[in-house]
Amino acid sequence: MNQEQLNRMHSAKGFIAALDQSGGSTPKALRLYGIEEDQYNGEEAMFDLIHQMRSRIITSPAFTSEHILAAILFEMTMDRQIEGQYTADYLWEKKGILPILKVDKGLAPLENDVQLMKPIGNLKELLERAGKRHIFGTKMRSVIKGANPDGIRAIVDQQFEIGLEIAKAGFVPILEPEVDITLPDKEKCEILLKAEIERHLKTLEADVRLMFKLSIPTLDGFYSDLMNDPHVVRVVALSGGYSRKEANEKLARNPGLIASFSRALTEGLKAQQTDDEFNALLQESIQTIYDASIQ
């Protein structure tokens with residue numbers, strides 16, 4: 001673990017840019033970017049286009065360490081290059097931004113009102129590659145769809161089990177048990193989730209460091225005590241389907257909680273925009289998310 005990077009993640013001002021759209025979400029991300037599915041043929045062309053989009057964001061003069069602490073990358077992005085350097089090296093060496101890798105393989109079918117992660121069969125090999133690519137941390141997502149104590153316990157158990165394996169390999173894992181923001185019992189889900197997280201935190205060895213990526217809570221400041229746990233490097237928030245404006249407003253009411261936005265970050269960006277238009281809009285987006293993250 002790189003102590004300089006760990007210190008930056010723990011205490012610096014800024015937020016995390018989530019640029020980890022995977023195979024299933026890539027067509028939608030490209031559509032929002034102004035590229036329809038009939039404009040490319042096959043997965044290879046699709047992934048080339050999404051890498052071009054990510055590269056345009058990362059190389060933008062608006063995308064700097066002044067506002068952005070880290071960027072979450074899709075596995076394929078880790079193995080691609082930007083301006084002749086592997087993406088993670090470009091981020092850290094050129095931009096001073098920490099590289100984080102999405103490691104999950106998607107969601108399992110709904111059971112007990114939750115979607116666990118599918119098995120990550122190649123995790124050991126993936127972490128070995130991540131080490132060679134100078135990755136700082138990892139991220140993995142599962143989803144809560146109802147206030148089912150058994151399901152929520154299972155989702156947190158799985159997140160911690162895999163997270164501890166990742167931490168032992170020298171990375172800082174981000175555990176992401178997302179609560180669906182549309183649920184009528186969202187607050188009850190969050191109460192159950194927090195209790196399970198706290199139960200696990202009490203069992204950790206002193207040197208374990210991890211992070212959480214959580215839906216912005218219904219009750220303002222609800223996760224403040226998690227931020228004070230010595231094992232927790234940072235608690236970050238996903239936008240979860242809120243517009244950027246609404247996500248920023250909710251985030252700003254939670255001191256210490258910082259953004260880890262994907263769609264809300266790239267909202268309005270189009271392939272057809274000139275560089276000046278693109279960079280100006282990205283700058284505005286980054287500034288508003290940053291302002292909400294440092295309240």
If you look only at pairs with a residue in residues 231-254, which of them pass as a ring-ring contact (aromatic ring centres under 6.0 Å, His included), with sequence neighbours excluded? none

Are any of the side-chain heavy atoms of H67 and Q287 separated by less than 4.5 Å? yes

Less than 4.0 angstrom from a charged side-chain N to a carboxylate O is my criterion; do K94 and D89 meet it? no

Tell me whether E249 is salt-bridged to K245, with the criterion being a basic N under 4.0 Å from an acidic carboxylate O. yes

Between R129 and D79, does the salt bridge (charged side-chain N to carboxylate O under 4.0 Å, His left out) criterion hold? Intermediate values first, please. CA-CA 9 Å; R129 285 169 50 214; D79 293 321; 2.3 Å; yes

Salt bridge check: are K139 and D20 linked by an N-O gap of less than 4.0 Å? yes

Could you check whether R80 makes a cation-pi contact with Y86, meaning its NZ or CZ is under 6.0 Å from the centre of the six-membered ring and within 45° of the ring axis? no

Short side-chain to backbone donor-acceptor contact, D180 and T182, under 3.5 Å: yes

How many angstroms lie between CZ in R234 and CG in L210, if you round to the nearest 0.5 Å? 14.5 Å

Do the ring planes of F160 and H200 sit parallel (below 30°), tilted (30 to 60°) or perpendicular (above 60°)? parallel

Give a yes or no on whether the backbone of V179 and the side-chain of S215 come within a donor-acceptor separation of less than 3.5 Å. yes

Are L238 and V235 grouped together when hydrophobic residues (ILVMFWY) are joined by side-chain heavy atoms under 4.5 angstrom apart? no

Are E75 and K102 close enough for a salt bridge, meaning some N to O gap below 4.0 Å? no

Distance in Å, I135 CD1 paired with I72 CD1, rounded so as to fall on 0.5 Å steps: 11.0 Å

Give a yes or no on whether a salt bridge exists between K186 and E190, defined as a side-chain N under 4.0 angstrom from a carboxylate O. yes

Output, in order, the C-alpha distance, side-chain angles, deciding distance and verdict of salt bridge (charged side-chain N to carboxylate O under 4.0 Å, His left out) for K168 and E165. CA-CA 5 Å; K168 287 178 182 177; E165 184 178 348; over 6 Å; no

